[in-house]
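Notes for the one structure printed next.
Numbered from 1 within each chain, the chains take letters A, B, ... in sequence-line order.
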Protein chains: 2
Amino acid sequence: VRLVTIGGRVHALTGALGDHGTEAVDVGAVTDMPAEPSAFLAAGGLQHCARALRDATPAHRRPVAGAALDAPIPAPRIVWAVGLNYRDHAAETGRPPPEAPTLFTKSPGSVIAPGEPIVVPDHVRQPDYEGEVAFVIGRVARDVAEPDALHHVAGITVAHDVSARDHQFTTGQFSWSKSFDTFCPLGPVLVTLDEVRHDDLPLETRLNGEVVQSANTSELVHSIPRLVAWISQGLTMQPGDVVLTGTPAGVGAARTPPRWLRDGDTVEITVGGVGTLRNPVVRRGRH
Amino acid sequence: VRLVTIGGRVHALTGALGDHGTEAVDVGAVTDMPAEPSAFLAAGGLQHCARALRDATPAHRRPVAGAALDAPIPAPRIVWAVGLNYRDHAAETGRPPPEAPTLFTKSPGSVIAPGEPIVVPDHVRQPDYEGEVAFVIGRVARDVAEPDALHHVAGITVAHDVSARDHQFTTGQFSWSKSFDTFCPLGPVLVTLDEVRHDDLPLETRLNGEVVQSANTSELVHSIPRLVAWISQGLTMQPGDVVLTGTPAGVGAARTPPRWLRDGDTVEITVGGVGTLRNPVVRRGRH
């Protein structure tokens, strides 16, 4: 199933986003499931989507074209992110791919919807793009073995790990430099794992139409099942928790000269079979 | 005012915790304020505590002695923490105190109440204590100037930044190693800034009764107002957000030989004028 969030409520799509005639069905209005995405997942809402799509009356359906889509999880409890998780990106930063996942977090308050502007604070001098495949936890996960890990994943979405390189390397801790308001565009669609192969997802980032990153999740150092197993060691992951799986080579910081995000830029990130996340960049101030 | 949380509801204390006869008044039951602590702060609940203490009937009061106290903020939206924020602790790790605050996060799911056991996961070989002064945001803060910062702080509490040193230094990113379930004891009391001097708070950590850390917030590299001003640059802090201000010298990792936490240990952290946070340590497995 393919889910979007509209007006804070989970909707199931009748087709692919962008297909003529695809409609969004308000699953909570058809079934007795909670409408808020994390609560929906926690209540086992995914099991009720097929029924919702079947039983929806015209009052429960709306054309998805033109609808303002929220991030699939607009207010996650936590957003984990992984550094250096593609060999080519690790190489361009001059580091070996680490044996353990390099985990940090982004503030839940940094999440924005597809299409919303990334507003770069005036004090950030080196804003950079990072296109990423993200996944969302669907069932409580703690001390999960890698072979069982996918049972705890609701699905895949697209994420933009906007990064202030100047602050990122000042102290060596990444979280704050990637947590400014609007620095985590997410979405538009959450696609369940029966519809895509998590280990064969093509990822492409385009800056004003030019391809700047191109990779495939088959190249991940730490796969999605491995990340669930690793993170959940002694740590309870909850439905709606978001994990960004890392960015491949091609970031602006690794270019000569570096290519920082500018006012008026547009960044598009496409994950094959999942969708495209597009956000404009706004720089206020005098940079 | 001195606040505690009991059964998920904010209560104001009629005296100091531990004083004979101190009662806890259910502020939400007396006034029309929300009972959940973050929502209480967001609604301006602090302004209503004096009235609640005055107007409370016997039905709104309970003896605080023997009550099971929650963490003052049992489910924070985010927990920021600061590394290397006392000169003596920076020195014992062999690093200069950084010019910018070294910020990372602890998982909201790691927060536990005073008295609850810290349960060390089996895979953690080097669990360590860190006694800290914490503060809680009381009003939305974004791009706050340092002289105005204290208007955005609700008050002070006590925190334990339990740390898995083995994982902390494997990848260099601190967040995951400090985010395991039970790794953030918090409380018991949230004391507003009119009752204590934020820049003159004595902090002491005792391991099984022996003093292992002793410092004062006057020695912080980055003061509480400076931290609010720094973190809120382009980043919206919300009421109920928690910030741990860093630990002083004396951690177990800096001892010769290192002193890791053991099954049956008790860690007590006292912040003068605020209170004492006491938690036992449980190690399962064969370490």
Side-chain angles (χ1 to χ4, degrees), chain A residues 75-85 95 97-110 119-124 127 140 142-143 162 164 166-183 222 227 230-238 241 284-285, chain B residues 75-85 95 97-110 119-124 127 140 142-143 162 164 166-183 222 227 230-238 241 284-285:
Chain A
R77 195 187 68 108
I78 196 165
V79 179
W80 290 104
V82 188
L84 307 172
N85 204 23
R95 301 168 206 210
E99 282 186 41
T102 300
L103 290 164
F104 56 94
T105 65
K106 292 173 78 80
S107 164
S110 66
V119 182
V120 180
D122 193 47
H123 66 89
V124 172
V140 171
R142 189 180 196 277
D143 294 327
V162 185
D166 41 348
H167 294 300
Q168 184 176 356
F169 297 110
T170 303
T171 69
Q173 296 303 310
F174 296 174
S175 288
W176 185 68
S177 68
K178 291 165 170 268
S179 285
F180 302 117
D181 296 348
T182 76
F183 269 37
H222 303 289
L227 289 172
W230 183 269
I231 297 172
S232 74
Q233 293 176 86
L235 189 157
T236 306
M237 306 179 81
Q238 300 282 359
D241 287 0
R284 301 217 172 97
Chain B
R77 196 186 66 109
I78 196 164
V79 180
W80 290 104
V82 188
L84 307 172
N85 203 24
R95 301 167 208 210
E99 283 186 42
T102 300
L103 290 164
F104 57 93
T105 65
K106 290 173 79 79
S107 164
S110 66
V119 182
V120 179
D122 193 47
H123 66 89
V124 172
V140 171
R142 188 180 198 275
D143 294 327
V162 185
D166 41 348
H167 295 299
Q168 183 176 356
F169 297 110
T170 303
T171 68
Q173 296 302 310
F174 296 175
S175 288
W176 184 67
S177 68
K178 291 163 170 267
S179 285
F180 302 117
D181 296 348
T182 76
F183 270 37
H222 303 288
L227 289 173
W230 182 269
I231 297 172
S232 74
Q233 294 176 84
L235 189 157
T236 304
M237 305 180 83
Q238 299 282 358
D241 287 0
R284 303 217 170 97

Inset, instruction - With a 4.5 Å cut-off on heavy-atom pairs, point out which of B/Met237, B/Arg142, B/Gln238, B/His167 contacts chain A the most. - result: B/Arg142
Legend entry - Interface residue of largest heavy-atom contact number with chain A, from B/Val120, B/Thr105, B/Thr170, B/Leu235, under 4.5 Å: B/Leu235
Legend entry - Gap between atom CG of B/Leu84 and atom OG1 of A/Thr171 - 0.5 Å precision: 9.0 Å
Legend entry - Spacing of A/His123 atom NE2 and B/Asp143 atom CG [to the nearest 0.5 Å]: 7.0 Å
Inset, instruction - State which residues pass side-chain hydrogen bond (donor to acceptor under 3.5 Å, both in side chains) with A/Gln168; sequence neighbours excluded, sorted by chain then number. - result: A/Arg165
Inset, instruction - Work out which heavy atom in B/Arg77 is nearest to a heavy atom in A/Pro108; give both atom names and the distance. - result: O-CG, 3.9 Å
Inset, instruction - Write out, in numerical order, the residues from residues 174-182 of chain B with a heavy atom short of 4.5 Å from a heavy atom in chain A. - result: B/Phe174, B/Ser175, B/Trp176, B/Ser179, B/Phe180, B/Asp181
Legend entry - Under 4.5 Å from a heavy atom of chain A, the part of B/Leu103 involved: both
Legend entry - Side chain / backbone / both / neither for A/Trp230 at chain B, heavy atoms under 4.5 Å: both
Inset, instruction - Nearest 0.5 Å please: distance from the CD1 atom of B/Ile231 over to the OG atom of A/Ser107. - result: 11.0 Å
Inset, instruction - Sort A/Thr236 into side chain, backbone, both or neither according to what part of it lies under 4.5 angstrom from a heavy atom of chain B. - result: both
